[in-house]
Visitor: 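I have a structure I would like to understand better, so I am pasting it below and will then ask my questions one at a time.
Chain letters run A, B, ... following the sequence lines, proteins first and then strands; every chain starts at 1.
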Amino acid sequence: MVTPAASYSRQDARPDAADLLVWYDRHRRVLPWRALPGEVPDPYRVWLSEIMLQQTTVTAVKPYFARFLERFPDVAALAAAPEEAVMSAWAGLGYYSRARNLHACARSVAAAGGFPDTVEGLRKLPGIGAYTAGAIAAIAFDRPAAAVDGNVERVVSRLFAVDQPLPAARPALRVLAESLVPQKRPGDFAQAVMDLGATLCTSKRPACALCPWMAPCQARKEGTQETYPRKLKKESGALRRGAAFVVERAGDGAVLLRTRPPTGLLGAMAEPPTSEWRADYDPAQALLDAPLDARWKRLPGTVRHVFTHFPLELTVFQARVAADTAPPEGMRFTPPAGLADEPLPGAMKKVLAHALERKLALPPAPTPDPEPDLATPPPAEQKARRAPIPKVLSRRPVAAAPPRKVQPRKI
DNA sequence: GAGGCGTGGTG
DNA sequence: TCACCAAGCCT
């Protein structure tokens, strides 16, 4: 039987890039790193924002992006900066290998005299994978490349009702995404798909009625849009415990810190000394792991923190030592004024806040604290109250980003 | 391919 | 409270 031409409805059409671009021209988001219509994108800003946005929300990135531009206005400035300054500026944003790779990438790009303008060239740089290479090539250099991130995977899996679960479906989703990229305005198209995924084609309760691709969307047709993308769920890791040791030096109140190994969990970040973190760690034995001899006081409550692959519970021990105490090998005393420049990850800021909060909450007591009884847990063994991070640990205010400069396109 | 690798917001 | 999510990369 021959299908009558009249039965070809809008619903059978493939998704058309032009329809999405019409929507984008009207509804595009205004973002600090995004060039306005008519402006030429700055590859440095595009690259910096794409790295920061990996697995990170726009809201979280904005203040970091502004501060990075202020401290490192271009790739040469970033390349010339000491590693510690970059790690410190990144502290709190998470996934710290991104910061290490960012710095290495900046040095490579500065030495080469500029960013490569092809997917293949970009893909070779540290911290730039398939998604980011496509995004920079498309957005900064208007190359017809697909930028397949979580948003695009969601949009495409719904458009074509891809039943294969992630991550196995990734190659197929990429092929489908690449088939949609237009030769005209590929950079706008890449940003348009991401805007669509971020504002309409959301994970929960997508706003299909407003979507420029509602008609050709297979999942919408079936009413199953919220079930895509299909994915296998992974189980979370087991709880690990440990002890953290907060040492304050008499006189200036400096805190004992050390730097973690350069790679792995919280690599190259700062921390107060801690024990190992293990599922079977016993806080009652913690003083065997203390960094120095002192009158240790076990603080009530614990500090909890959830990493990607396991939750952590730290028992905090606190001690005051004499002003002339030397730091143990590989450690340092950092005075309060210097804490803001230490690359302290969130988990470790919680530890310091837990110790300082309790100390600050107490009136200056002329009588010494009672000797702690380490055999039995303190009475208040409930979870620690949620308290704001003390000002000394929080980031300093950031000035508004300078107005965007229109830069000549690099060929 | 699977697992390591942070953090803050949200329903 | 807690599971899930957010512009992934590397080994």
Visitor: Name the nucleic acid region contacted by Ser49(A), choosing base, sugar-phosphate or nothing; use a 4.0 angstrom heavy-atom cut-off, strictly under.
Guide: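 Ser49(A): no heavy atom of the nucleic acid under 4.0 Å.
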
Visitor: So, is the end of the Arg158(A) side chain (NZ or CZ) under 6.0 Å from the ring centre of Phe160(A) and within 45° of the ring's axis?
Guide: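 Judged by the rule (NZ or CZ under 6.0 Å from the ring centre, within 45° of its axis), Arg158(A) is not positioned above Phe160(A).
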
Visitor: Between dT7(B), dA7(C), dA6(C), spot the one nearest the side chain of Ala198(A), thanks.
Guide: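 Side chain of Ala198(A) sits closest to dA7(C).
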
Visitor: Tell me every residue that passes side-chain contact (heavy atoms from CB on, under 4.5 Å) with Arg258(A), counting only those two or more places apart in sequence or in another chain.
Guide: Glu271(A), Pro273(A), Thr274(A), Met331(A)

Visitor: Between dT7(B), dG6(B), dA7(C), which one does the side chain of Leu31(A) approach most closely?
Guide: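 Among the listed nucleotides, the one closest to the side chain of Leu31(A) is dA7(C).
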
Visitor: For Ile51(A), answer base if it contacts any base atom (sugar-phosphate contacts may also be present), sugar-phosphate if it contacts only those atoms, and nothing otherwise; contact means non-hydrogen atoms under 4.0 Å.
Guide: nothing

Visitor: Among all residues two or more places apart in sequence or in another chain, which pass the side-chain contact (heavy atoms from CB on, under 4.5 Å) test with Asp25(A)?
Guide: Arg185(A)

Visitor: On DNA chain B, does the nearest nucleotide to Pro171(A) precede the nearest nucleotide to Pro345(A) from the 5' side, or the other way round? Give the residue.
Guide: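 The answer here is Pro171(A).
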
Visitor: Heavy-atom nearest nucleotide on DNA chain B for Pro167(A) versus Thr308(A): which residue maps closer to 5'?
Guide: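 Looking at the nearest nucleotide for each, Pro167(A) comes out on the 5' side.
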
Visitor: For dC5(B), take OP1 and OP2 only and decide whether either is under 4.0 Å from a side-chain N or O of His309(A).
Guide: yes

Visitor: Which donor-acceptor pairs under 3.5 Å do the side chains of residues 132-141 of chain A make with protein atoms, sequence neighbours left out?
Guide:
from, atom 1, to, atom 2, distance (Å)
Thr132(A), OG1, Gln54(A), NE2, 3.0

Visitor: Closer than 4.0 Å, any side-chain N/O of Tyr96(A) to the OP1 or OP2 of dT7(B)?
Guide: yes

Visitor: Determine the interatomic distance between P on dC5(B) and the same-named atom on dA6(C); round to the nearest Å.
Guide: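 Those two atoms are separated by 23 Å.
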
Visitor: What is the distance from OH of Tyr64(A) to P of dA6(C), rounded to the nearest Å?
Guide: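 About 21 Å, once rounded to whole Å.
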
Visitor: Please name all residues satisfying side-chain contact (heavy atoms from CB on, under 4.5 Å) with Ala169(A), sequence neighbours left out, ordered by chain then number.
Guide: Val162(A), Gln164(A), Leu166(A), Leu173(A)

Visitor: Can you check the distance between dA2(B) and dA7(C), where both ends of the measurement are the P atom (answer in whole Å)?
Guide: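 So the two P atoms sit 23 Å from each other.
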
Visitor: Could you check which residues of residues 147-159 of chain A get a heavy atom under 4.0 Å from DNA chain C? Sort them by number, please.
Guide: Asp149(A), Gly150(A), Asn151(A), Arg154(A)

Visitor: Taking the P atom of each, how far is dT11(C) from dG6(B), in whole Å?
Guide: 14 Å

Visitor: Hey, what's the ring geometry for Phe115(A) with Trp47(A), parallel, tilted or perpendicular (30° and 60° as the breaks)?
Guide: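 Answer is tilted, since the angle falls between 30° and 60°.
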
Visitor: State whether the distance check finds a donor on one side and an acceptor on the other, under 3.5 Å, for side chain Thr56(A) versus base dG8(C).
Guide: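 A donor-acceptor contact between them is absent.
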
Visitor: How many Å lie between CG on Leu93(A) and P on dA7(C), as a whole number?
Guide: 15 Å

Visitor: In whole angstrom, what separates Leu265(A)'s CG from dG3(B)'s C1'?
Guide: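 The distance from CG of Leu265(A) to C1' of dG3(B) comes to 14 Å, rounded to the nearest Å.
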
Visitor: Can a side chain N or O of His305(A) be found less than 4.0 Å away from OP1 or OP2 on dG6(B)?
Guide: no

Visitor: Determine whether His27(A) and Leu210(A) make a side-chain contact, defined as any pair of heavy atoms from C-beta on separated by less than 4.5 Å.
Guide: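 Sidechains of Leu210(A) and His27(A): no contact.
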
Visitor: Send over the distance from Gln55(A) CD to dG4(B) P, rounded to a whole Å.
Guide: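 Gln55(A) atom CD is separated from dG4(B) atom P by 15 Å.
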
Visitor: Would you mind telling me which of dT7(B), dA7(C), dC5(C) lies closest to the side-chain atoms of Lys231(A)?
Guide: dC5(C)

Visitor: Polar pairs (N or O, both sides) under 3.5 Å between protein and nucleotides 9-11 of chain B?
Guide:
none

Visitor: Tyr95(A) OH to dC5(C) P: how many Å, rounded?
Guide: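 Atom OH in Tyr95(A) sits about 13 Å away from atom P in dC5(C).
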
Visitor: Do Phe68(A) and Phe65(A) pass the ring-ring contact (aromatic ring centres under 6.0 Å, His included) test, and can you show the C-alpha distance, the side-chain angles, and the key distance before you say yes or no?
Guide: CA-CA 5 Å; Phe68(A) 261 75; Phe65(A) 181 77; 8.8 Å; no

Visitor: By side-chain contact (heavy atoms from CB on, under 4.5 Å), which residues pair with Pro73(A), not counting sequence neighbours?
Guide: Ala77(A)

Visitor: Output every pair passing side-chain hydrogen bond (donor to acceptor under 3.5 Å, both in side chains) with a member in residues 73-86 of chain A, not counting sequence neighbours, ordered by first then second residue.
Guide: Glu83(A)-His103(A)

Visitor: Rounded to the Å, how far apart are Arg304(A) CZ and dG8(B) C1'?
Guide: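 Rounded to the whole Å, the gap is 18 Å.
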
Visitor: With a 3.5 Å cut-off and just heavy-atom distances, do the side chain of Arg29(A) and the base of dA7(C) make a donor-acceptor pair?
Guide: yes

Visitor: What's Ala168(A) touching, base or sugar-phosphate or nothing? Going by heavy atoms closer than 4.0 Å.
Guide: nothing

Visitor: If the cut-off is 4.0 Å, is Gln54(A) near the phosphate of dG8(C), judged by side-chain N/O to OP1 or OP2?
Guide: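 For dG8(C), OP1/OP2 do not have a side-chain N/O of Gln54(A) under 4.0 Å.
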
Visitor: How long is the line joining CH2 of Trp47(A) and P of dG8(C), in whole Å?
Guide: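 Whole-Å distance recorded here is 17 Å.
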
Visitor: Rounded to whole Å, please give me the gap between CZ in Phe307(A) and P in dT7(B).
Guide: 6 Å

Visitor: Could you work out which one of dC5(C), dC10(C), dG8(C) sits closest to the side chain of Ser203(A)?
Guide: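 Minimum distance to the Ser203(A) side chain belongs to dC5(C).
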
Visitor: Tell me, please, which residues at least two apart from Asp280(A) pass salt bridge (charged side-chain N to carboxylate O under 4.0 Å, His left out).
Guide: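 Arg278(A).
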
Visitor: Val61(A) near the nucleic acid: base, sugar-phosphate alone, or nothing, with a heavy-atom cut-off under 4.0 Å?
Guide: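 Counting heavy atoms under 4.0 Å across all strands, no contact is made by Val61(A).
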
